[in-house]
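Quick note on labels: first sequence line is chain A, next is B, and so on, each numbered from 1.
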2 protein chains.
Amino acid sequence: MVTRKDIAEYAGVSKTTVTRVINNQGNVSQENIEKVSQAIKELEYCPNMVARGLKTKKTYQILFHAPALLNPFFVEIYTGMNEVAQQHGYHIVVSSNDDLKVIEQRQYDGVILSYIPIGHSQEEYKNSGVKLVATNYSTLDLEIPHLKVDIAHGITQALDYLYECGHRKIVLFSAQFAYDQRIDAYKKWLQAKQLPFQSDLYHTDYIGKTTYEQGYNSGILFVENGLIATAILAFNDAMAIGMLAAFKRKGIRVPEDISLIGFDDITQAKYTDPPLTTVSNSLYQIGKESAQMLISKINNETVSTKVIKTELVIRNSVAKINI
Amino acid sequence: MVTRKDIAEYAGVSKTTVTRVINNQGNVSQENIEKVSQAIKELEYCPNMVARGLKTKKTYQILFHAPALLNPFFVEIYTGMNEVAQQHGYHIVVSSNDDLKVIEQRQYDGVILSYIPIGHSQEEYKNSGVKLVATNYSTLDLEIPHLKVDIAHGITQALDYLYECGHRKIVLFSAQFAYDQRIDAYKKWLQAKQLPFQSDLYHTDYIGKTTYEQGYNSGILFVENGLIATAILAFNDAMAIGMLAAFKRKGIRVPEDISLIGFDDITQAKYTDPPLTTVSNSLYQIGKESAQMLISKINNETVSTKVIKTELVIRNSVAKINI
DNA sequence: ATGAAAGCGCTAACAG
DNA sequence: CTGTTAGCGCTTTCAT
């Protein structure tokens with residue numbers, strides 16, 4: 001390994017001078033700049049960021065704390081994040097490891113939270129002293145600056161659309177694992193439309209997992225219990241896609257027999273049969289912005305929570321029905 | 001930040017002793033072990049891996065060099081990799097950055113290659129001196145130890161199955177971006193079956209991208225040019241899923257009008273309509289094994305190329321037809 | 001404009 | 001069993 005020392009000797013200057021030209025801090029003669037540059041090129045020197053990190057306390061590494069990358073949802077966010085991180089010279093490592101110690105151990109410059117693991121609190125993260133930002137958060141009481149998706153708005157958009165299409169019996173799939181704005185938004189909307197709230201018209205039958213598989217299982221169950229509604233608002237696209245498969249399996253046609261709306265607009269949503277009507281979350285954009293937010297924070301700029309607007313993407317999984 | 005020095009002072013021992021108990025190297029009295037452990041707990045000390053890395057030249061970081069995580073294919077591999085990496089205390093960072101310098105800069109302990117970027121050669125990687133392993137490689141001339149998927153075998157399995165189902169006109173989708181075993185395997189198989197080789201029965205119309213979108217476009221084109229075959233062997237599942245959408249759009253039924261086989265068996269393949277018959281690659285397993293392989297190599301064990309067996313997963317996208 | 005020296009937090013001889 | 005010392009590769013005062 002060739003170090004700054006080698007360059008210094010080769011160029012006949014001091015190590016300090018080498019540092020100065022590498023980080024172009026000025027105060028070095030044109031002649032020396034050239035000698036050093038030449039040496040660097042010839043010896044193929046490249047700075048050791050570990051050593052630098054030890055000294056400067058900056059590793060140029062960011063931790064993305066996500067439950068499971070296998071969920072396409074997170075992959076799209078990650079992809080956006082990664083793009084801006086790269087532009088700023090940061091590497092991102094993804095971890096679903098609940099151990100907060102790694103943050104200090106590995107000296108991450110900052111962390112992006114996409115969830116707070118069970119058994120941990122936002123206080124713990126805050127106390128750890130790292131630069132912190134949350135992404136795609138929808139819970140109300142988060143003090144950490146974050147990108148807030150206005151899920152309530154998205155739900156309302158979807159519900160309105162369903163209403164326009166003539167639907168009056170709509171099942172909402174929510175989640176048990178956390179407080180979910182969906183339910184409140186749903187109730188509020190029902191009230192506004194003067195529709196009755198029937199508890200069997202929303203489901204919280206699954207815990208934590210919002211996957212294809214879970215959607216499939218929920219779909220099967222839903223059919224077997226008798227179609228109690230004309231439309232479903234799924235927790236997310238992955239689940240909606242699983243349901244699509246379940247309905248197909250059970251001989252239930254979408255949208256003829258039941259209408260279905262997803263959430264997130266992941267890439268595949270365009271390629272399902274029928275193409276999935278869904279609420280777009282701008283996942284990629286969210287990823288980019290949250291990385292930008294964290295990097296700003298690392299640079300000691302002040303950042304504040306920002307609301308992301310959702311958008312209804314109309315494809316073919318919802319039917320107009322007669323009222 | 002609390003360091004080893006703080007622990008030493010708090011426990012009334014030397015820094016070396018602290019090191020010894022942390023890395024339990026023995027040669028420490030029971031009494032001191034307890035004093036140090038106590039101090040660590042009370043001061044909430046945790047070792048700084050950057051400093052350690054500088055000294056030991058081990059960062060416990062692995063680079064996964066993959067073109068795009070958005071491709072579900074890579075995500076599944078990554079997930080497997082990540083699991084075993086975690087078990088061994090490694091973090092993985094994914095990068096599609098072509099710059100080999102980061103390997104030295106960031107002092108990665110090893111890198112897993114899923115492709116060699118255009119303009120680079122395996123020699124370059126080898127010369128860089130890092131521990132190296134390749135994953136899911138199918139080209140023939142790779143000297144780096146790797147997990148080799150026997151694509152030829154997979155193709156043959158798929159082709160055989162199609163043949164059994166009565167298909168004689170089969171389109172193979174290959175890729176332009178690299179030498180692809182598929183074509184050779186296809187030709188060889190045709191010969192064995194004494195079927196004529198028709199150049200219009202394989203396509204290499206797309207470059208590099210093997211995505212949903214590309215599959216969709218290819219599917220549309222394929223239909224518009226007139227169905228010249230009864231079955232398609234797609235490059236991978238992502239493309240097959242895109243094609244499924246295209247056929248649906250064009251009113252072509254799968255498998256009634258055309259049969260379709262994918263490659264990889266990604267998670268969604270189970271949830272398409274119809275569920276996709278495909279060749280399983282054991283992506284998750286590949287990920288796990290390649291990480292294991294690299295870690296062994298990092299530990300200076302000798303590792304060698306290993307062939308992964310493919311498996312035909314029969315679902316419902318292939319029809320039996322009359323010969 | 002240049003260099004010497006100290007030190008980031010850790011490990012690894014070496015000496016006791 | 002324990003501690004002293006040097007040093008990993010880099011940055012940063014502080015002199016010159």
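- Distance A/I7 CD1 to D/dC10 P: 9 Å, rounded to the nearest Å.
- Contact annotation: side chain of B/T19 to base of C/dA12, donor-acceptor pair absent below 3.5 Å.
- Annotated stems with DNA chain D as a participant read C:1-16 with D:1-16, given as range with range, by first number; only runs of 3 or more Watson-Crick or G-U pairs under 3.5 Å qualify.
- Summarising the geometry, the separation between OH on A/Y45 and C1' on D/dC10 is reported as 7 Å, rounded to the nearest angstrom.
- A donor-acceptor contact under 3.5 Å links the side chain of B/T16 to the base of D/dT4.
- Side-chain proximity of B/T17 to the nucleotides D/dG9, D/dT2, C/dG9 is greatest for D/dT2.
- Atom NZ in A/K57 sits roughly 14 Å away from atom C1' in D/dT12 (whole-Å rounding).
- Look at CG on B/N23: it is 9 Å from C1' on C/dC10, rounded to the nearest Å.
- Contacts of A/K5 with the nucleic acid, taken as non-hydrogen atoms under 4.0 Å apart, are absent.
- If you check every strand for non-hydrogen atoms under 4.0 Å, B/M49 touches nothing.
- Protein atom NZ of A/K15 is 9 Å distant from nucleotide atom C1' of D/dG9, rounded to whole Å.
- Among the protein residues, A/V13 comes within range of the sugar-phosphate backbone only, with heavy atoms under 4.0 Å from sugar or phosphate atoms but none that close to a base.
- Residues B/R20 and A/N48 both approach DNA chain D. Their nearest nucleotides, taken by heavy-atom distance, put B/R20 toward the 5′ side.
- Between the CZ atom of B/F64 and the OG atom of B/S114 there is a distance of 4.5 Å, given to the nearest 0.5 Å.
- Residues A/I308 and A/D150 are not in side-chain contact: their nearest non-hydrogen atoms beyond the backbone lie 4.5 Å or more apart.
- The side chain of B/S29 sits closest to D/dC1 out of C/dC10, C/dT2, D/dC1.
- Residue A/M1 contributes atom CE, which lies 12 Å from atom P of D/dC8 at whole-angstrom precision.
- With hydrogens and angles disregarded, no donor-acceptor distance shorter than 3.5 Å links the side chain of B/D109 to the backbone of B/K58.
- Here A/K306 pairs with A/L147, A/E289 under the side-chain contact (heavy atoms from CB on, under 4.5 Å) rule; sequence neighbours left out.
- Between B/R52 atom CZ and C/dC8 atom C1' the separation is 16 Å, expressed in whole Å.
- Nucleotide C/dA1 holds its C1' atom 13 Å from the CD atom of A/Q30, rounded to whole Å.
- Between A/Y125 and A/H65, the side chains place a donor N or O and an acceptor N or O closer than 3.5 Å (distance only, hydrogens not considered).
- Counted by atom type alone, A/E76 and A/T267 present one or more donor-acceptor pairs between their side chains at under 3.5 Å.
- Of all nucleotides listed (D/dG3, D/dG9, C/dC10), D/dG3 comes nearest to the side chain of B/S14.
- Residue A/N27 is in base contact, counting any heavy-atom pair closer than 4.0 Å across all strands shown.
- Distance alone, capped at 3.5 Å, places no donor-acceptor pair between the B/R106 side chain and the B/T59 backbone.
- Both B/L54 and A/N32 lie close to DNA chain C; mapped to their nearest nucleotides by heavy-atom distance, the more 5′-ward contact belongs to A/N32.
- The closest side-chain donor-acceptor pair between B/E34 and B/Q30 falls under 3.5 angstrom.
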